[in-house]
Amino acid sequence: MSESQTRKQFVEDLTDQSDDFSRWYNEVVRKAQLADYSPVRGSMVIRPYGYGLWENMQRLLDRRIKETGHQNAYFPLLIPESLLQLEADHVEGFAPECAWVTEGGREKLEERFAIRPTSEAIIGHMYSRWIESYRDLPVLINQWANVMRWEKVTRLFLRTSEFLWQEGHTAHATQAEAREEVLRMLEVYRDFVENELAIPVYAGQKSDAERFAGAQDTFTIEALMKDGKALQAGTSHDLGQHFAKVFDITYQDESGQRQHVWQTSWGVSTRLIGALVMTHGDDQGLRLPPQVAPIQAVVVPIWRKAEDRSAVTEFVAKLRETLAGKVRLHVDDRDQHSPGWKYNEYEMRGVPVRLEVGPKDVAQQAIMSVRRDTRGKESIPLASIAERLPALLSEVQASLLQQARDFRDAQTVLLDSKEAVIAHFNEGKRGFAAVAWDGSAAFEAEIKEKAGATLRCMPSDLSRFGSLVRPESRVALFARAY
RNA sequence: CGGGGCGUAGCGCAGCCUGGUAGCGCACCUGGUUCGGGACCAGGGGGUCGGAGGUUCAAAUCCUCUCGCCCCGACCA
């Protein structure tokens, strides 16, 4: 039997990515205890390890949202149908996936409530009451919330009926200021996703066919998963004055004229956890970027004899003290599992660095570190671990981003025609295909129809697409997508 | 929503064709020995076979309906 066949005997073993990527994904999400299925169809339970990831993401993104002048607030879960219906495109976009509350207590409601699929309507309604003067602008509010969309086909983190996200909703005096906000937040997302999640993205604008229901323009960051499919990782919408007009959000300008505000909305969701899994994971399991990993380093104590045990325990206590407040550390001193078992377990769960402490290490007053991304080993003296380990974690973070970027770049091709794009995807190739696009809906629709690839975005950074740049067309990235 | 597949112990599966009172591996519990890449021995606990109805002396097994999940397509963060 080969090694891989032998390994299959273990419960915690995973399907190889190359055998069945979807299956690998489902297994790793559940076995690493990120999430589990719930008794509610299409809904999942986010387990502590997965929620810890989300909390770290929240903290890092929330900081950026506040640094750009926004405040958090909370709007209600239930949205009156009458409010939702005010904006035709919007309600058209969400109608098929709304869940409705029709009863309260034992009485049927006169007007049913939608469980929010997003909050433009309720927030627009409130803004119309809050905004009177140009002095009230801009309004820069974000909320962290759950939303619900009645999805027919669900997948853990990628598409569930209920999911967690943040949604920013802003109102501005001028179109230019709103557009500036849209692009500012897109850049915040790009920076957050690349630097904290180590996921490289193409930032750009959506086509009319792909933009958000009710938006004037939608901007997006698009990531590439290891199976070659693209994933929309965040969106930022220029809402123009559509919602301002239907919700009557107006202000008096300096000359006393009544004007409609210009609005934006932008969001990222727990889908980013799915992106993280599929960007970095390998056949052994997750590989988490240290910046968001719930456990940055796991300590595995090793002993043979009773006297080893006390020496090791003592050493581990010192190690713990040295690293307190510097690294998110977990010591696994459980007796029921061997060190080897623990190595496999924490590799599967993606812990960036493992610290092995056995009698040999105690004798040398050092710790054997093993990084998850390359399995590179390095013995670090206790005296320098407080400096070296954070540096090592930074190296892992940088390395994951670099690996993902190399993959994404290698999977991005420049093609010279619609036909070439169709042929590319129909040959079974994946990744991003860049092409000069005449802007016609027919061009886009034909590729979608014949090759199953959609226009992911028109990238704003054209530095690597120079040969496709023409005055009469725009550069468009096509991909098979989640 | 269309096509395909699967529901038997916590997980992975066998048993179903050819009905006869449910089994294997891992996990779990107890005791002991172990521990530097998934330890071993001994003992033990756990299942209305997804659900409902039917056929039969007898149903995990045959029939009907139903629910759920997975994969591939159409729609979406």
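We name chains A, B, ... by the order of the sequence lines, and we start the count at 1 in each one. Here the structure is a predicted model, which means the values were calculated and not measured.
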Q: Run the ring-ring contact (aromatic ring centres under 6.0 Å, His included) test against A/Trp144 and tell me which residues pass, sequence neighbours left out.
A: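 So A/Trp144 forms a ring-ring contact (aromatic ring centres under 6.0 Å, His included) with A/Trp54.
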Q: Rounding to an integer number of Å, can you tell me how far A/Met44 CE sits from B/rC69 P?
A: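 The distance from CE of A/Met44 to P of B/rC69 comes to 14 Å, rounded to the nearest Å.
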Q: Taking only the side-chain heavy atoms of A/Ser22 (C-beta and beyond), determine which of B/rC35, B/rC72, B/rG36 contains the nearest atom.
A: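 Selected nucleotide (nearest to the side chain): B/rC72.
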Q: Determine the Euclidean distance between corresponding C1' atoms of B/rA14 and B/rG31; express it in Å to zero decimal places.
A: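 It works out to 32 Å between them.
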Q: Restricting to non-hydrogen atoms, name the atom on A/Lys226 and the atom on A/Gly281 that form the minimum distance, rounded to 0.1 Å.
A: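 Looking at all heavy atoms of both residues, the closest pair is NZ-O, 2.7 Å.
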Q: When the P atoms of B/rG44 and B/rC24 are compared, how many Å lie between them, rounded to an integer?
A: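 So the two P atoms sit 13 Å from each other.
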Q: What's the gap between B/rA60 and B/rG47 when it is taken at their C1' atoms, as a whole Å value?
A: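 One C1' to the other, the span is 11 Å.
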Q: Is A/Glu151 salt-bridged to A/Arg149, going by a charged N under 4.0 Å from an acidic O?
A: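 No, A/Glu151 and A/Arg149 are not salt-bridged.
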Q: Residues two or more places apart in sequence or in another chain: which of them pass ring-ring contact (aromatic ring centres under 6.0 Å, His included) with A/His70?
A: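 Testing A/His70 for ring-ring contact (aromatic ring centres under 6.0 Å, His included), a comparison that skips the adjacent residues, returns A/Trp266.
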Q: Considering residues at least two apart in sequence or located in another chain, which fulfil the side-chain contact (heavy atoms from CB on, under 4.5 Å) criterion with A/Leu60?
A: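 Once residues adjacent in sequence are excluded, the partners of A/Leu60 under the side-chain contact (heavy atoms from CB on, under 4.5 Å) criterion are A/Arg63, A/Arg64, A/Phe192, A/Glu196, A/Val292.
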Q: Rounding to an integer number of Å, can you tell me how far A/Asp333 CG sits from B/rU34 P?
A: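 About 20 Å, once rounded to whole Å.
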Q: Send over the distance from A/Met368 CE to B/rG37 P, rounded to a whole Å.
A: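 Those two atoms, CE and P, are 12 Å apart.
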Q: Could you please name the partner base of B/rG10, counting Watson-Crick and G-U wobble pairs only when both distances are under 3.5 Å?
A: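 Answer to the pairing question: B/rC26, which forms a Watson-Crick or G-U pair with B/rG10.
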Q: If only side-chain N and O atoms count, and only distance matters, is there a donor-acceptor pair under 3.5 Å linking A/Thr454 with A/Arg456?
A: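 Indeed, the side chains of A/Arg456 and A/Thr454 share at least one donor-acceptor pair under 3.5 Å.
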Q: Paired with B/rG45 by Watson-Crick or G-U wobble geometry, both distances under 3.5 Å: which nucleotide is it?
A: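 Base-paired to nothing in any strand shown.
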Q: Under 3.5 Å for both donor-acceptor distances, Watson-Crick or wobble: does B/rA59 have a partner, and if so which one?
A: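 Because no pair has both required distances under 3.5 Å, B/rA59 counts as unpaired.
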Q: Heavy atoms only, 4.0 Å cut-off, all strands: where does A/Arg155 land among base, sugar-phosphate and nothing?
A: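 Answer is sugar-phosphate: A/Arg155 comes under 4.0 Å of backbone atoms only.
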Q: Provide the Watson-Crick or G-U wobble partner of B/rC16, both distances under 3.5 Å; none if there is no partner.
A: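 Checking every strand shown, B/rC16 finds no partner, since no pair has both distances under 3.5 Å.
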Q: Would one find a side-chain N or O of A/Asn26 under 4.0 angstrom from OP1 or OP2 of B/rC69?
A: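 So the side chain of A/Asn26 is outside the cut-off, no N or O lying under 4.0 Å from OP1 or OP2 of B/rC69.
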Q: Using the C1' atoms only, state how far B/rC65 lies from B/rU18, rounded to an integer number of Å.
A: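 Approximately 26 Å lies between the C1' atom of B/rU18 and that of B/rC65.
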Q: Can a cation-pi geometry be assigned to A/Arg159 and A/Tyr482, taking NZ or CZ under 6.0 Å from the six-membered ring centre and within 45° of the ring axis?
A: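 Negative - A/Arg159 is either too far from the ring of A/Tyr482 or too far off its axis.
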Q: Hunt down the Watson-Crick or G-U wobble partner of B/rA74, both distances under 3.5 Å, from any strand shown, or write none.
A: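 Result: none.
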Q: Take atom CD in A/Glu55; do more than 12 heavy atoms of anything else shown fall under 6.0 Å from it?
A: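 Yes.
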Q: Of the candidate nucleotides B/rC28, B/rC71, B/rG36, which contains the atom at the shortest distance from the side chain of A/His337?
A: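 Taking heavy atoms from C-beta onward, the closest nucleotide is B/rC28.
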Q: Determine whether a donor-acceptor pair (N or O, by modelled atom type, separation under 3.5 Å) exists between the side chain of A/Arg408 and the backbone of A/Gly431.
A: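 No, because the side chain of A/Arg408 does not come within donor-acceptor range (under 3.5 Å) of the backbone of A/Gly431.
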Q: Would you kindly give the CZ-to-P distance between A/Arg334 and B/rC29, to the nearest whole Å?
A: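 To the nearest whole Å, that distance equals 11 Å.
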Q: Report the base-pairing partner of B/rA39 (Watson-Crick or G-U wobble, both distances below 3.5 angstrom), or none.
A: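 Across any shown strand, B/rA39 pairs with B/rU33.
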Q: Between A/Asp283 (CG) and B/rG38 (P), how many Å, whole number?
A: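 Value for this atom pair: 19 Å.
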Q: Please give, in whole Å, the distance from B/rG73 P to A/Phe425 CZ?
A: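 In whole Å, B/rG73 P and A/Phe425 CZ are 13 Å from each other.
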Q: Have a look at A/Asp308 and say if it touches a base, only the backbone sugar-phosphate, or nothing, with a 4.0 Å heavy-atom cut-off.
A: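 A/Asp308: no heavy atom of the nucleic acid under 4.0 Å.
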Q: Looking at A/Ser338, does any N or O in its side chain come under 4.0 Å of the phosphate oxygens OP1/OP2 on B/rC35?
A: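 Answer is no, no contact under 4.0 Å.
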Q: On RNA chain B, check which nucleotide each of A/Tyr37 and A/Arg23 is closest to and give me the residue with the more 5' one.
A: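 The residue closer to the strand's 5' end, by nearest nucleotide, is A/Arg23.
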Q: Tell me whether A/Trp150 at atom CH2 has more than 12 heavy atoms from other residues, nucleotides or ligands lying less than 6.0 Å away.
A: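 Counting other residues, nucleotides and ligands, CH2 of A/Trp150 stays at 12 neighbours or fewer.
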Q: What interatomic distance, in whole Å, is found between C1' of B/rG46 and the corresponding atom of B/rG10?
A: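 So the two C1' atoms sit 10 Å from each other.
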Q: Is NZ or CZ of A/Arg349 both nearer than 6.0 Å to the six-membered ring centre of A/Tyr49 and within 45° of the ring axis?
A: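 Satisfied, under 6.0 Å and within 45°.
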Q: Using atom C1' of each nucleotide, how far apart are B/rG15 and B/rC72 to the nearest Å?
A: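 After rounding to an integer number of Å, I get 30 Å for this pair.
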Q: Under 4.0 Å, heavy atoms only, any strand: does A/Lys342 hit a base, just the sugar-phosphate, or nothing?
A: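 Nothing, no heavy atom under 4.0 Å.
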Q: Please confirm whether any donor atom in the side chain of A/Glu347 sits under 3.5 Å from an acceptor in the base of B/rG37, or the reverse.
A: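 When only heavy-atom distances are counted, A/Glu347 does reach the base of B/rG37 through a donor-acceptor pair under 3.5 Å.
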Q: Can you give one letter per nucleotide of nucleotides 1-7 of chain B, going 5' to 3': B for a protein heavy atom under 4.0 Å from the base, S for sugar-phosphate only, - for none?
A: B------
Q: Which whole number of Å gives the distance between the C1' atom of B/rC28 and that of B/rG73?
A: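 Per the computed distance, 42 Å lies between those C1' atoms.
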Q: Is there any protein nitrogen or oxygen under 3.5 Å from a nitrogen or oxygen in nucleotides 75-77 of chain B, and what are the pairs?
A:
residue, atom, partner, partner atom, Å
B/rC75, OP1, A/Lys448, NZ, 3.2
B/rC76, O2, A/Arg159, NE, 2.6
B/rC76, O2, A/Arg159, NH2, 3.3
B/rC76, N3, A/Arg159, NE, 3.3
B/rC76, N3, A/Arg159, NH2, 2.4
B/rC76, N4, A/Arg159, NH2, 3.3
B/rC76, N4, A/Tyr482, O, 3.0
B/rA77, O3', A/Gln232, NE2, 2.5
B/rA77, O3', A/Arg271, NH1, 3.4
B/rA77, O2', A/Gln232, O, 3.3
B/rA77, O2', A/Arg271, NH1, 2.8
B/rA77, N6, A/Thr160, N, 3.2
B/rA77, N6, A/Thr160, O, 2.6
B/rA77, N3, A/Ser269, OG, 3.1

Q: B/rU34 C1' sits how many Å from A/Trp341 CH2, rounded?
A: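 A/Trp341 atom CH2 is separated from B/rU34 atom C1' by 17 Å.
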Q: For A/Trp24 and B/rC71, give me the distance from atom CH2 to atom P, rounded to whole Å.
A: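 So the two atoms are 14 Å apart, to the nearest Å.
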Q: Looking only at atom C1', what distance separates B/rG50 and B/rG25, rounded to whole Å?
A: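 About 23 Å, rounded to a whole number of Å.
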Q: Any base atoms under 4.0 Å from A/Pro301, or only sugar-phosphate, or nothing? Heavy atoms, all strands.
A: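 If one applies the 4.0 Å heavy-atom cut-off, A/Pro301 turns out to touch nothing in the nucleic acid.
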Q: Please compare A/Arg480 and A/Gly358 by the position of their nearest nucleotide in RNA chain B and report the one closer to 5'.
A: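 This one resolves to A/Gly358.
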Q: Holding to ring-ring contact (aromatic ring centres under 6.0 Å, His included), I want the full list of residues that pass it with A/Trp303, two or more places apart in sequence or in another chain.
A: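 So A/Trp303 forms no ring-ring contact (aromatic ring centres under 6.0 Å, His included) with any residue.
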